[in-house]
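This report concerns only the one structure given below.
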Amino acid sequence: MKKYLILMIALFLLACNKRDFLDDKPRSSLIVPKTLDDFTKLLDNFNVMNLSGNTLSEVSSDDYYLPDQSTWESIYVVEERNAYVWKADLYEGAQQIRDWEDPYKQILYANIILEGLERNTEKDKKTAEWLKGWALFARGFALFNLTQEFAMPYNNVYAADIIGVPMKLESDVTAIAVRSSLKDNLTQILSDLELAKSLLPDKKPGMDRNRPYKSAALALLARVLLSAGKYHEALNYATLSLELYDSLIDFNLLSQTSNTPIVQYNDEVLFSCYPSSVSSPIFGTYRSATTTLIDSSLYESYQPNDLRKSIFFTTSTVTGKPMYKGTYTGTTRPFTGLATDEQYLIKAECQIRIGDFIEGLATLDKLLLKRYRGEYKPLIATDRDMALSLLKNERRKELVFRGLRWQDIRRYNREGDNITLKRKLNGKEFILEPKSPRYAFPIPQNEIIINGLPQNER
């Protein structure tokens, strides 16, 4: 993390005081950002604070496939190429792993700001509280994203025995990192987010959706608790988030022929966030009409009057097969932030899981009503299991390429769904079994060497 601190200071000084940076010798008063304005600029750095990791998990998921061996071999980012087939040696010596580095960079920024706020003497208490809440939200989100990729799925019974990820709670870059238990990770994440929600303003998101407000903190708490299987608590926070902000886009009002039918800061976004990399096969450099093909069972699951089929996908003029055209980022780059549609889905799932499946389907209907053309027929189920199956199908169709499918597969398998993932390349089949240790990506080797961290089983 030392290199992040040095880079951050250099960029900060260059952006905020170019003349002093170029003309003066370094002064101790300039080394660390210390004013409320300084902290705001750091948190507003979208290319640091709004990158979520999530690339390796999205590449590893099952919403798409590559057509052939040559396409797979053309992916020059080794960890992304290997993640597609869940290879044991994921990095092959690569040192800079963005899914690991970017969240820890956010944690470092957050720690510097939180420590700086403790020393700050400016009288604007309201702004200071807002910035503290923002920094805590950022730290909690980053730590959660790390647990979803570099630790095994949360288990309420064994969480204290499951090894998690290091928790850096101070800006001292010389401190040795230690892997905490997954239970301790969750406790810290919830602590940060609980405090964040009490400090963040109760404000409707506008054109500043790179900034979290109370509705976003509540939404993130709902996501975290859902991933841990704590359904009563997740239901509570999803409900509270929707009470503050519940806007949904009517897909009937969107262009079905546009390549970017949904704009970046649309009405459903609570907090905007992107995956760290732009070179994976499902977006960026390698996404094209012939390289990224949508899973046929997923595509065929959309009914003819389901507008998501034409809003999320288009048909390749080259292959005649469906291809992804982008959702909540206004580009083909996946959206990994927080939005109201996810909150409706969390609320509905939790209602179903705790026994109120009729009410759960009614919540789900509120979302789907905005997704269908013509008369919408409410969902019908005769029991909890049927309702939960309907919910899972709709969740996958709604949240396609949102950085959540990997998380969902992990938790569904914990609940006994036994989802097996398969790939085929050049006649060879690759399989990821439901309880495979490869659901936790390896810790980068340089972290193992420097901090002596135990490596994940592969």
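A donor-acceptor contact shorter than 3.5 Å is absent between the side chain of Ser191 and the backbone of Thr187. Side-chain atoms of Ser389 never come within 3.5 Å of backbone atoms of Asp385 as a donor-acceptor pair (strictly under, hydrogens ignored). Under a 3.5 Å cut-off, the side chain of Asp38 and the backbone N or O of Lys34 do form a donor-acceptor pair. Looking at Arg209, its side chain does come within 3.5 Å of a backbone N or O of Val269 through a donor-acceptor pair. The backbone N or O of Gln407 sits nowhere less than 3.5 Å from a side-chain atom of Gln148 that would complete a donor-acceptor pair. Between the side chain of Asn145 and the backbone N or O of Pro103 there is no donor-acceptor pair closer than 3.5 Å. A donor-acceptor contact shorter than 3.5 Å is absent between the side chain of Tyr237 and the backbone of Leu225. In this structure, the side chain of Arg458 engages the main chain of Arg438 through a donor-acceptor pair within 3.5 Å.
At most 12 heavy atoms of other shown residues, nucleotides or ligands fall within 6.0 angstrom of atom NZ in Lys204. Other residues, nucleotides and ligands contribute more than 12 heavy atoms inside 6.0 Å of the CD atom of Glu415.
Between Arg308 and Glu398 there is a salt bridge, since at least one side-chain N of the basic residue sits less than 4.0 Å from a carboxylate O of the acidic one. Ion pairing between a basic and an acidic side chain is recognised when a charged N comes within 4.0 Å of a carboxylate O; Arg98 and Glu101 show no such pairing. Salt-bridge annotation for Arg405 and Asp62: present, with a side-chain N of the basic residue lying under 4.0 Å from a carboxylate O of the acidic one.
In this model, a donor atom of one side chain and an acceptor atom of the other lie less than 3.5 Å apart for Thr174 and Asp172. Residues Asp99 and Asn54 bring no donor and acceptor atom of their side chains to less than 3.5 Å of each other.
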- Query: Step by step, would you call Tyr213 with Asp202 a side-chain contact (heavy atoms from CB on, under 4.5 Å)?
  - Reply: CA-CA 6 Å; Tyr213 294 105; Asp202 179 4; over 6 Å; no
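Counting all heavy atoms, side chain and backbone alike, Ser227 lies closest to Arg414 at O-NH1, 2.7 Å. Pairing each heavy atom of Gly330 with each of Thr260, the nearest pair is O-CG2, 3.0 Å. Arg211 approaches Phe271 most closely through the heavy-atom pair C-CD1, 3.9 Å. Closest of all the heavy-atom pairs between Tyr91 and Val78 is O-CG1, 3.4 Å. Residues Leu298 and Val400 share a closest heavy-atom pair of CD2-CG2, 3.9 Å. Summarising the geometry of Ser276 relative to Leu51, their closest heavy-atom pair is OG-CB, 4.0 Å, with the distance given to 0.1 Å.
Applying the salt bridge (charged side-chain N to carboxylate O under 4.0 Å, His left out) test to residues at least two apart or on different chains, the pairs with a partner in residues 347-370 are Glu349-Arg353, Glu349-Arg411. Sorted by first and then second residue, the pairs that involve residues 137-166 and meet salt bridge (charged side-chain N to carboxylate O under 4.0 Å, His left out), not counting sequence neighbours, are Arg139-Asp192.
For the ring pair (Phe, Tyr, Trp, His ring centres under 6.0 Å) with Tyr274, the qualifying choice from Phe401, Phe46, Tyr328, Phe335 is Phe46, the only one to do so. Of the residues listed (Ile346, Leu390, Asp341), the one engaging Arg395 in a side-chain contact (heavy atoms from CB on, under 4.5 Å) is Ile346, and it is the only one.
For the pair Lys392 and Tyr412, the cation-pi test (distance below 6.0 Å, angle within 45°) is passed.
Ring pair Phe251/Tyr372: centre-to-centre distance not below 6.0 Å. Residues Trp406 and Tyr439 bring their aromatic ring centres within 6.0 Å.
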Kindly list each side-chain donor-acceptor pair under 3.5 angstrom involving residues 126-133, sequence neighbours excluded, with atom names and distances?
unit_1	atom_1	unit_2	atom_2	d
Thr127	OG1	Asp124	OD1	3.2
Thr127	OG1	Asp124	OD2	2.7

